[in-house]
Amino acid sequence: NAGVTQTPKFRVLKTGQSMTLLCAQDMNHEYMYWYRQDPGMGLRLIHYSVGEGTTAKGEVPDGYNVSRLKKQNFLLGLESAAPSQTSVYFCASSYSTRGGPDTQYFGPGTRLTVL
Amino acid sequence: GQQLNQSPQSMFIQEGEDVSMNCTSSSIFNTWLWYKQDPGEGPVLLIALYKAGELTSNGRLTAQFGITRKDSFLNISASIPSDVGIYFCAPSSGDKIIFGKGTRLHILP
């Protein structure tokens, strides 16, 4: 099992450019998440999905869109990048137990810089 | 929104010392997870707690789910150099898991 993989690992964008971050998991997990991590802020939830075809907003969703067309993939899009979106982005997936998410497995992260 | 306070923000300790950190919230949670993050890596699960009052150990790590379901602590005994990193509490209820701001552990030589 590859676990959770993220593409790309690094990216530099200019303000106003768009891009898509790809997250893939091979563990057949129902839940998938996108977080951003900034110094001193911990991980903040951007969007999440509880299953194929579903998405929901997290704590900091503005400026981002997501799609979950296939169960194994969760895409994070930035339509018009801004310097405030410079961050490290982590994807995670989890199985469902007790009616909710259980242990999350994290990808290695994508370091994005917006100039 | 849900308030989650993790303390301390950072700790400087000598190798061999015990460590204690905690998270408190104004909200009730069904699950408390504790993660560790090494530099340049994603967080990795250390301990999962599912019941109020539950006390669970994983080697030198011990964590407890508070009786009120609003708090949890993590203890590390006899710290070693590889314990360096950032520790996060991550409680959940419903579909979302939220993360504390982390406790950065430094071990002095």
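Just so we're on the same page: letters track the sequence lines, and every chain starts at 1.
A donor-acceptor pair is defined here as one N or O able to donate and one able to accept, closer than 3.5 Å; such a pair exists between the side chain of B/Glu54 and the backbone of B/Tyr50. When atom types are taken as modelled, the side chain of B/Ser25 and the backbone of B/Ser27 share a donor-acceptor pair closer than 3.5 angstrom. Checked by atom type and distance alone, the side chain of A/Tyr35 never pairs as donor or acceptor with a backbone atom of B/Ile98 at under 3.5 Å. With hydrogens and angles disregarded, no donor-acceptor distance shorter than 3.5 Å links the side chain of A/Ser18 to the backbone of A/Ser80. B/Ser72 contributes no side-chain N or O that, together with a main-chain N or O of B/Trp32, makes up a donor-acceptor pair within less than 3.5 Å.
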*asked:* Does B/Asp71 form a side-chain contact (heavy atoms from CB on, under 4.5 Å) with B/Phe29? I'd like the steps, not just the answer.
replied: CA-CA 9 Å; B/Asp71 62 321; B/Phe29 294 103; over 6 Å; no

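At a threshold of 4.0 Å, the pair B/Arg60-B/Asp83 counts as salt-bridged, since one of the basic side-chain nitrogens sits closer than that to a carboxylate oxygen.
In this pair, A/Tyr33 and A/Tyr31 present their aromatic rings parallel. The plane angle is below 30°, not in the 30 to 60° band.
When the options A/Asn65, A/Leu76, A/Val66, A/Asp62 are evaluated for a side chain to side chain contact (heavy atoms under 4.5 Å, CB included) with A/Ile46, the one that passes is A/Leu76.
Contact annotation for A/Gln37: only side-chain heavy atoms (C-beta onward) come within less than 4.5 Å of a heavy atom of chain B. For B/Gln37, the part lying under 4.5 angstrom from a heavy atom of chain A is the side chain only. Interface remark: A/Leu43 contributes backbone and side-chain atoms alike to the contact with chain B (heavy atom separation under 4.5 Å).
Against chain B, the residues from residues 107-115 of chain A that qualify, each with a non-hydrogen atom under 4.5 angstrom away, are A/Gly107, A/Pro108 in number order. For a heavy-atom cut-off of 4.5 Å, chain A lies close to B/Phe99, B/Gly100, B/Lys101 in residues 99-109 of chain B.
Annotation: the span from A/Phe90 atom CZ to B/Glu41 atom CD amounts to 8.5 Å, rounded to 0.5 Å. Remark: B/Asn5 CG to B/Cys23 SG distance equals 8.5 Å, nearest 0.5 Å.
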